[in-house]
*Asks:* 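Input: one structure, supplied below.
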Protein chains: 2
Amino acid sequence: MCYSAGMENLATTFKALGDPVRLAILEFLKDPVQDCCSRSDGVCACDLEAFLGVSQPTVSHHMKILVQAGLIRAEKRGRWVYYSLNAEAFATVCRELEPFHEQPATV
Amino acid sequence: MCYSAGMENLATTFKALGDPVRLAILEFLKDPVQDCCSRSDGVCACDLEAFLGVSQPTVSHHMKILVQAGLIRAEKRGRWVYYSLNAEAFATVCRELEPFHEQPATV
DNA sequence: TAGACATATTGACATATATCTATGTGATGT
DNA sequence: ACATCACATAGATATATGTCAATATGTCTA
């Protein structure tokens, strides 16, 4: 086999990014529409449900995938879970992509 | 629905990136191991087959997905098809990700 | 023209994924 | 305590995806 564990990891991250519903979730987390119970430092899942137009378990499913990929953070406060972007993870993805659009090194 | 056509597009690109075999292909295109018929300005599919350890139709399938996502270019010369990275596509992906790891704008 | 070669397409199959309904779990408030 | 609320999990189902063997297509060469 010619691909490493790091590659599997990166693929998992891209897989998490490869769904329009999850991209919409990330956009929402970036520019939250404060609705029922979201706060300045986080967005609750119930707001996402209304925004996305999918069922609550579906939201839960997508949030789990995004958390596992490390793209967002989840923090439980009382009965709510507040989600926020993990900026560092996005920066890492960009760094991984850099070699593919930099000027080729002169050997 | 709260997500746009542009989002579908971006999701397609990430989906193309979300497979370890395809990431291995991209790595190979970045740093080709010149083997049977690859050239300085492109890599042929047969070299990939040997490198990846998957069947020829599987290589063909993955190349098609990468081409459709715009991540690589295919150029047919005689009976070979030479593939190369499309650096601009990777740069675009990075630009799309930038808002997710920049400092939040002060409103 | 015939055969060999590189790649694409087709069809089959197993697995993964996205979605829902129903139900479980844990916290809050009356 | 009990009902309610927010979220998670389980199970079911439809669709998508990755893979291969078999075959088709197009190109070169003898």
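Below, read A as the first sequence line, B as the second, and so on, with proteins coming before strands; counting in each chain starts at 1.
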*Asks:* Do the side-chain N or O atoms of B:Ser60 get closer than 4.0 angstrom to the phosphate oxygens (OP1, OP2) of C:dT7?
*Replies:* no
*Asks:* Within the 4.0 Å heavy-atom criterion, would you say A:Lys64 contacts the bases, only the backbone, or no part of the nucleic acid?
*Replies:* sugar-phosphate
*Asks:* Quick check for you: among D:dT17, D:dA8, D:dG18, whose closest atom lies nearest to any side-chain atom of B:Ile65?
*Replies:* D:dG18
*Asks:* Starting at CZ of A:Arg22, measure out to CZ of B:Phe14 and round the result to the nearest 0.5 Å.
*Replies:* 12.0 Å
*Asks:* Using side-chain heavy atoms (C-beta onward) and a distance below 4.5 Å, is B:Leu17 in contact with B:Phe90?
*Replies:* yes
*Asks:* Could you say whether A:Lys76 or B:Lys76 is positioned toward the 5' end of DNA chain D, judged by the nucleotide with the nearest heavy atom to each?
*Replies:* A:Lys76
*Asks:* Between C:dC20 and A:Ser55, is there an OP1 or OP2 to side-chain N/O distance shorter than 4.0 Å?
*Replies:* yes
*Asks:* The side chain of A:Pro57 lies closest to which of these nucleotides: D:dA22, D:dG26, C:dC20?
*Replies:* C:dC20
*Asks:* How many whole angstroms separate atom NZ of A:Lys15 from atom P of C:dT15?
*Replies:* 15 Å
*Asks:* For A:Arg22 and for A:Arg79, locate the closest nucleotide of DNA chain C by heavy-atom distance; then report the residue assigned to the nucleotide nearer the 5' terminus.
*Replies:* A:Arg22
*Asks:* Give one of base, sugar-phosphate or nothing for A:His61, where a contact means two heavy atoms less than 4.0 Å apart.
*Replies:* base
*Asks:* Just the rounded figure in Å: distance from C1' of D:dG18 to CD of B:Gln68.
*Replies:* 15 Å
*Asks:* Between D:dC7, D:dT19, C:dA18, spot the one nearest the side chain of A:His62, thanks.
*Replies:* C:dA18
*Asks:* Using the test side-chain contact (heavy atoms from CB on, under 4.5 Å), find all partners of B:Arg79 that sit at least two apart in sequence or belong to another chain.
*Replies:* none
*Asks:* Would you kindly give the CE-to-P distance between A:Met63 and D:dA6, to the nearest whole Å?
*Replies:* 16 Å
*Asks:* Atom CG of B:Asp47 and atom C1' of C:dT7: how far apart are they, to the nearest Å?
*Replies:* 14 Å
*Asks:* Using OP1 and OP2 only, check whether a side-chain N or O of B:Thr58 sits under 4.0 Å from D:dC20.
*Replies:* yes
*Asks:* Do B:Arg73 side-chain atoms and B:Val67 backbone N/O form a donor-acceptor pair below 3.5 Å?
*Replies:* no
*Asks:* Could you tell me the separation between the CD1 atom of A:Ile72 and the P atom of D:dC7, rounded to a whole number of Å?
*Replies:* 12 Å
*Asks:* In whole angstrom, give the distance that lies between atom CD of A:Glu8 and atom P of C:dA16.
*Replies:* 12 Å
*Asks:* So if I apply the side chain to side chain contact (heavy atoms under 4.5 Å, CB included) rule between A:Met7 and each of B:Asp19, B:Val21, B:Leu23, which one comes out positive?
*Replies:* B:Leu23
*Asks:* Tell me which nucleotide among C:dT7, C:dT19, D:dA8 gets nearest to the side chain of A:Val21.
*Replies:* C:dT19
*Asks:* Ignoring hydrogens and angles, does a donor from either the side chain of A:Gln56 or the base of D:dA6 sit under 3.5 Å from an acceptor on the other?
*Replies:* no
*Asks:* Quickly work out the A:Tyr82 OH to D:dA6 C1' distance and round it to whole Å.
*Replies:* 10 Å
*Asks:* Whole Å only: how far is the CD atom of B:Glu49 from the P atom of D:dA21?
*Replies:* 11 Å
